[in-house]
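A short worksheet on the structure shown next.
Reminder, nothing fancy here: chain letters follow the sequence lines and each chain counts from 1. All values below were derived from every heavy atom in this structure, side-chain atoms included, with hydrogens, water molecules and symmetry-related copies excluded.
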2 protein chains.
Amino acid sequence: MSDDVHVMPPPSTVGESAYQKIRSDIVFGRLLPGKKLKLERLKTDYGASVSTLREILNRLHSERLVVAEGQKGFEVAPVSIANLREIAALRQLLEGRALEQSFRAGDMEWEGRVVAAHHRLARMEERMAQGDRSHTEGWKRYDWQFHQALISACGSKMLIDNHAAVFDKYLRYQMIALSYRGDIAANEHAELLECALERDAARACEVLTRHVAGGVEHALRTGTIS
Amino acid sequence: MSDDVHVMPPPSTVGESAYQKIRSDIVFGRLLPGKKLKLERLKTDYGASVSTLREILNRLHSERLVVAEGQKGFEVAPVSIANLREIAALRQLLEGRALEQSFRAGDMEWEGRVVAAHHRLARMEERMAQGDRSHTEGWKRYDWQFHQALISACGSKMLIDNHAAVFDKYLRYQMIALSYRGDIAANEHAELLECALERDAARACEVLTRHVAGGVEHALRTGTIS
DNA sequence: ATTTTCAAAATATCAGATAATTTGATTAAT
DNA sequence: ATTAATCAAATTATCTGATATTTTGAAAAT
């Protein structure tokens with residue numbers, strides 16, 4: 001069930017695929033904060049009926065990616081500096097704990113997944129470093145998958161799910177701020193890999209905290225978030 | 001927005017009130033785990049149309065209180081020992097962090113809220129201790145409100161929301177197990193109040209951990225969870 | 001006792017209708 | 001020229017009912 005924008009099961013039903021499209025459009029900033037989500041419009045944009053769309057919007061409302069005020073319909077959740085800071089803090093808390101547990105329980109299978117995920121991410125980061133900015137989304141997907149791989153042995157589906165939900169909200173801010181700070185982030189990712197292989201959870205947490213805090217400050221410096 | 005089964009805004013719309021009823025029926029164990037939620041049945045039970053009910057079920061699905069498998073409709077989320085343990089651990093993590101922050105930031109206003117909430121809870125616990133088991137739900141509501149009051153000054157809506165979501169899942173297990181361990185819990189609540197007034201976050205976390213762990217073991221001992 | 005077959009039940013999705021609410025623009029009042 | 005009152009159009013929440021697809025459970029066949 002811990003599916004997300006990044007690793008999704010084949011969308012079987014109409015509603016499911018429209019859900020994934022809309023969610024991804026919000027997380028990747030193609031639907032901007034505050035954007036009114038009028039049903040008629042969505043109908044043509046996502047090819048689903050009003051009833052189905054309302055089901056989807058209700059789901060996204062639960063996830064706090066969409067707000068629904070009274071009978072005024074739906075809109076993409078707004079952003080704020082305070083909210084970004086809260087999300088970042090929560091990510092540090094959840095991911096930090098998950099890292100500890102995962103490092104403790106991770107076996108060789110897990111190490112393999114981590115190394116593989118880091119490899120893909122690092123490759124992508126090389127390209128990005130050379131100015132090729134055409135794969136920002138793909139890059140973020142690999143970023144997500146790397147962090148997810150790191151905690152994948154934590155043993156708690158609850159923790160993984162909650163982390164994924166928070167991570168996506170964090171990601172939305174990064175996409176909105178279009179913030180690329182490739183080199184620094186890449187180094188931090190390499191450090192995390194090192195920590196994982198050495199099972200040094202304490203240092204991993206320290207790196208993670210820096211990683212997330214850096215992302216926040218960088219995003220804020222772009223001035224796109226108010 | 002951090003509304004819940006315990007402090008809800010007046011249900012303005014039809015869908016909203018049906019949502020609250022169904023959610024509360026799940027959390028308080030009136031709808032048991034695994035129960036099939038057939039639309040026609042819900043229609044008569046909660047007085048809402050299929051479309052509205054589907055919106056509600058989709059919301060509850062996001063909240064992981066309901067599962068929706070393929071085209072097989074909806075049912076109340078199952079329970080398991082592993083899931084209970086994960087929930088408890090997450091509650092300890094979130095509530096512990098929130099306590100620390102709340103204790104640091106709490107002012108006199110906050111102290112008042114905490115004292116008031118504890119008073120109501122303690123009174124209720126007195127009654128329960130005398131064998132009056134008719135207010136179990138009310139008791140749990142006060143329990144919720146006390147813990148909520150303790151963390152209410154933590155300064156993070158995100159944290160409060162996430163905690164509330166986890167708390168309600170924890171609560172569902174308590175209700176399903178019908179576990180009343182009044183005296184012990186009451187003492188722990190009193191201890192927490194003490195810690196709050198002394199701003200002793202470390203000890204509060206220690207008490208909380210014991211509190212939650214105790215609840216889990218007690219619930220498991222009833223044998224109602226498999 | 002399985003497996004196959006098939007009708008009834010239930011679901012996902014849609015279109016269209018109604019009442020209530022919100023929105024924006026126009027008009028009136030200060 | 002702002003502010004306030006007014007009103008039609010747009011939008012919403014909700015319901016009913018229809019269709020195609022899936023799932024379920026029982027009867028038939030192996």
Side-chain angles (χ1 to χ4, degrees), chain A residues 1 3 5 8-26 31-78, chain B residues 1 3 5 8-26 31-78:
Chain A
M1 192 111 306
D3 57 285
V5 202
M8 10 192 195
S12 40
T13 147
V14 172
E16 197 49 37
S17 92
Y19 165 73
Q20 286 177 9
K21 280 202 208 85
I22 298 179
R23 189 178 194 284
S24 153
D25 282 349
I26 294 176
L31 285 172
L32 289 177
K35 171 98 182 176
K36 198 90 202 6
L37 297 169
K38 299 230 185 76
L39 293 168
E40 286 305 319
R41 179 65 187 286
L42 296 181
K43 225 165 105 170
T44 73
D45 284 1
Y46 296 97
S49 72
V50 173
S51 347
T52 304
L53 283 168
R54 287 188 55 89
E55 292 180 15
I56 293 169
L57 294 173
N58 272 287
R59 263 170 96 174
L60 293 169
H61 173 48
S62 284
E63 297 182 46
R64 304 285 187 264
L65 287 173
V66 155
V67 295
E69 347 149 65
Q71 0 259 75
K72 292 185 209 164
F74 303 87
E75 55 187 64
V76 179
Chain B
M1 191 114 306
D3 56 285
V5 202
M8 11 193 195
S12 39
T13 147
V14 173
E16 198 48 37
S17 91
Y19 165 72
Q20 286 177 9
K21 279 202 210 87
I22 298 179
R23 189 179 194 283
S24 151
D25 282 350
I26 294 175
L31 285 172
L32 289 177
K35 171 99 184 177
K36 197 90 204 7
L37 297 170
K38 299 234 185 73
L39 292 167
E40 286 304 318
R41 179 64 187 287
L42 296 182
K43 227 166 100 170
T44 72
D45 284 0
Y46 296 97
S49 73
V50 172
S51 351
T52 304
L53 284 168
R54 285 188 57 89
E55 292 180 14
I56 294 169
L57 294 174
N58 271 286
R59 267 172 91 174
L60 293 169
H61 173 48
S62 284
E63 298 182 46
R64 305 283 187 263
L65 286 173
V66 155
V67 295
E69 347 147 64
Q71 0 259 74
K72 294 185 207 163
F74 304 87
E75 54 188 64
V76 178

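- Atom-to-atom, NZ of K36(B) to P of dG25(D) comes out at 10 Å; the value is rounded to the nearest Å.
- In this structure, L32(B) and V76(B) have side chains that are not in contact, with every pair of non-hydrogen atoms separated by 4.5 Å or more.
- Sorted by first and then second residue, the side chain to side chain donor-acceptor pair (under 3.5 Å) pairs involving residues 41-53 of chain A (not counting sequence neighbours) are D25(A)-Y46(A), R41(A)-D45(A), S49(A)-T52(A).
- Across the protein-nucleic acid pair, F74(B) atom CZ and dT23(D) atom P stand 14 Å apart, rounded to whole Å.
- Counting only heavy atoms from C-beta outward, the side chains of E55(A) and R59(A) never approach each other to under 4.5 Å.
- Nearest-nucleotide mapping onto DNA chain C: of G47(A) and L37(B), the residue sitting toward the 5' end is L37(B).
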Exercise. What string of B, S and - do you get for nucleotides 16-22 of chain D, 5' to 3', if B is base contact, S is sugar-phosphate-only contact and - is no contact with any protein heavy atom under 4.0 Å?
Worked result: B-----S
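- A heavy-atom distance below 4.5 Å is found between the side chains of L42(B) and L57(B).
- Across the protein-nucleic acid pair, R41(A) atom CZ and dT12(D) atom P stand 13 Å apart, rounded to whole Å.
- Between L37(A) and I22(A) there is no side-chain heavy-atom pair separated by less than 4.5 Å.
- Taking atom CG on L53(A) and atom C1' on dT11(D), their separation rounds to 14 Å, with Å as the unit.
- Rounded to whole Å, atom P of dT23(C) lies 10 Å from atom NZ of K38(A).
- The CD atom of E40(A) sits 9.5 Å away from the CG atom of L53(A) when rounded to the nearest 0.5 Å.
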